[in-house]
Amino acid sequence: MPATSSPDRTPGDPLADLHDALLAWLPQQRWFPAKGRQVAGLRTVSHAVVSTPGETPTVEHAVIGVSFADAAQDPVGGSAEERYQLVLGVQASPPADVEYAVIGRRGEDVVYDGLADGRISRQFLALITENAVRGPLRFVAEPDTEAPIVGPGRPLIGEQSNSSVIYGERAIMKLFRRATAGLNPDLELHRALGRQGSGEVAPLLGAIEGEIDGEPMTVAMLQTYASNSADGWSMAQASVRDLLAEADLRPDEVGGDFAGEAHRIGKTVAAVHLELAAALGTHPLDARGAEEIEAWMLERLERAAAAVPGVAEQRDAIADVLRGVTTAGPSTVQRIHGDLHLGQELRTPTGWLVIDFEGEPSKSLADRVRPDSPMRDVAAMLRSFDYAAFHQLSEWEQSADDPDPQLERRAQEWADRNRSAFCDGYAEATGTDPRESPELLRAYELDKAVYEVLYETRNRPGWVSIPLRSMRRLLTPAGRGER
Ligand SMILES: Nc1ncnc2c1ncn2[C@@H]1O[C@H](COP(=O)(O)OP(=O)(O)O)[C@@H](O)[C@H]1O
Ligand SMILES: O=P(O)(O)O[C@H]1O[C@H](CO)[C@@H](O[C@H]2O[C@H](CO)[C@@H](O)[C@H](O)[C@H]2O)[C@H](O)[C@H]1O
């Protein structure tokens, strides 16, 4: 994060003495989405002690507002101020195992990321089971469930937009980092699906609720941990590795063929769509609704074109495809996942679970909860098969001059085979084959690729060639037919 010459410091701000430390710490956090943005200042939006007097460590909950000088030029449409939640542990001599999570000092005390401290995560779990209230936080157990009291939480280390801790392979608690008024869709949809008896999500165990701007806010959610699970991205990557190691074999001939799993994932996603429709309803997409979705897609395209020359060059051709949302004919909208990809699917010993119903992290809450076509989720999964197929090749391409055309063909075959198996599974479970609405599907797929170009530009510039390649494919008549 480029530092500012004169960061904003409001007198009386309870975290004022930590501002510089926070400004240095935030960009190192995987969950901080505004890496590289021009920061204008930081302020404390809310701050409360949630431990009882005399307890060690002291536990604080805070919402901080980070303001940006570059909101107008931000390619992903970031706003002028973004708010993040912190749980802070404060102690004069914290245990050595939280050293990596130290943010800074306040007087004699060390202040650190509280989720790193097993004592704090254990306490939060206990408070949920007790339906306790601590300061502004309400700890709520999901009715008719019993969260296991299994001791300290272990922070999950990995690629996350939020922060999670795992309790003895029995439960997992996720602290939402973006602080937004309203019910978080991840909690809302998990709850709705759980009450629908869904076997496709991990059972919800509880939540922590708070307040922001006088309105309720979801602080965290607790769900059953799926032990012995593997995520779809890792499994798909292993399959592609097998394939590319044996360039003379086709995807259906190699040992790690993924098509059976892709078919099962298609059925799982379909089941989730049917359950969400049953729980929360469906509506016909009228002309006005379709125009709104199209306008949103075109607006995103403009931002991407302004930021990425590869998108600007194809802007008009992309816009023509996106308009398929209004010209494709009648469709139905409902609540959907909104940010589906292989990493959001967990293979358990008995089947697949879908996780993380928060929607695209850069969208406002209002946009994330807006009913949309299930085709958005289907398209997002098709994009993910492309990603899995071409990720490794794109890495090799960065270190070699010419990609091996044989390997490219194999990668494309892998993508086609798994995209097709996914659609077969989806069609089998819903009775509707997504490939029968090619215009709509292509519009959603291209919209997702445009999002991904922006996402990768900001977060993983080395990966941007993956969605750019797919964008080109989706714009060529031959490429459009391949699924
Ligand atoms: N119910 C669960 N059981 C087992 N692991 C889970 C469960 N939910 C999430 N995870 C693990 O936590 C990771 C992050 O979860 P996710 O909900 O995607 O968080 P984020 O919103 O931070 O991206 C997942 O990739 C998965 O490895
Ligand atoms: O999981 P998140 O909610 O944080 O989703 C964001 O990050 C994803 C990457 O981790 C990103 O997904 C993109 O990369 C995946 C491979 O890492 C690929 O499978 C997806 O198809 C691709 O979109 C997601 O877009 C972003 O919102």
Side-chain angles (χ1 to χ4, degrees), residues 30 156-161 164 166 169 172 174 198-202 223-247 249-273 337 339-357 377-396 407-408 410-426 428-429 434 445 448 452 455-456 460 463 466-467 470 483:
R30 163 65 174 85
L156 179 81
I157 311 289
E159 292 284 295
Q160 268 206 276
S161 304
S164 298
I166 299 165
E169 308 262 306
I172 177 166
K174 168 156 82 170
S198 171
E200 283 73 36
V201 290
Q223 58 180 295
T224 307
Y225 185 79
S227 54
N228 295 319
S229 63
D231 72 85
W233 173 255
S234 316
M235 289 177 68
Q237 283 296 282
S239 164
V240 174
R241 260 196 308 276
D242 272 9
L243 174 74
L244 298 183
E246 303 274 0
L249 295 180
R250 289 193 317 267
D252 56 327
E253 295 168 332
V254 289
D257 184 22
F258 193 70
E261 297 298 351
H263 186 270
R264 275 186 277 276
I265 294 174
K267 285 176 98 167
T268 303
V269 171
V272 166
H273 283 160
H337 181 284
D339 190 21
L340 212 50
H341 54 84
L342 281 159
Q344 314 278 42
E345 319 272 346
L346 296 183
R347 179 70 162 100
T348 70
T350 52
W352 286 89
L353 293 177
V354 180
I355 59 167
D356 198 5
F357 286 74
D377 285 345
V378 170
M381 281 308 301
L382 298 184
R383 292 284 319 111
S384 203
F385 289 116
D386 257 21
Y387 252 80
F390 287 101
H391 167 243
Q392 218 162 91
L393 276 187
S394 81
E395 294 214 319
W396 291 344
L407 291 183
E408 278 203 73
R410 290 296 181 229
Q412 188 61 58
E413 282 168 9
W414 189 97
D416 293 344
R417 176 170 171 77
N418 287 288
R419 288 158 60 97
S420 163
F422 172 86
C423 288
D424 288 345
Y426 191 90
E428 222 172 277
E445 223 192 310
K448 185 72 185 181
E452 289 164 345
Y455 177 86
E456 302 301 2
R460 307 181 291 198
W463 293 45
I466 307 174
S470 310
R483 4 201 87 96

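Nothing here was measured: the structure is a model prediction, and the numbers come from that model.
Considering every non-hydrogen atom in both Gln392 and Gln237, the closest pair reads NE2-OE1, 4.2 Å. Residues Ala411 and Ala389 share a closest heavy-atom pair of O-CB, 3.3 Å. Closest heavy-atom contact between Gln223 and Ala202: OE1-CB, 3.2 Å. Across all their heavy atoms, Glu456 and Tyr387 have their closest contact at OE2-OH, 2.5 Å. Shown here for Phe258 and Ala236, the closest heavy-atom pair between the two residues is CE1-N, 3.9 Å. Of all heavy-atom pairs spanning Asn418 and Phe385, the tightest one is CB-CD2, 3.7 Å.
Considering only heavy atoms from C-beta on, Arg383 stays 4.5 Å or farther from Leu342 through its side chain. In this structure, Asp356 and Lys174 have side chains that are in contact, with non-hydrogen atoms separated by less than 4.5 Å.
Screening Glu345, His337, Gln344, Glu200 for a side-chain contact (heavy atoms from CB on, under 4.5 Å) with Val269, the sole residue that qualifies is Glu345. Screening Leu346, Asp377, Ile265, Val272 against Val354 for a side-chain contact (heavy atoms from CB on, under 4.5 Å) leaves a single residue, Val272.
The aromatic rings of His391 and Trp233 are tilted relative to each other, their planes meeting at an angle between 30° and 60°.
The pair Lys267-Asp424 fails the salt-bridge criterion, with no side-chain N (NZ, NE, NH1 or NH2) lying under 4.0 Å from an Asp/Glu carboxylate O. Between Arg264 and Glu261 a salt bridge is recorded (basic side-chain N to carboxylate O distance below 4.0 Å).
Separating the CZ atom in Arg417 from the CZ atom in Arg410 is a distance of 12.0 Å, to the nearest 0.5 Å.
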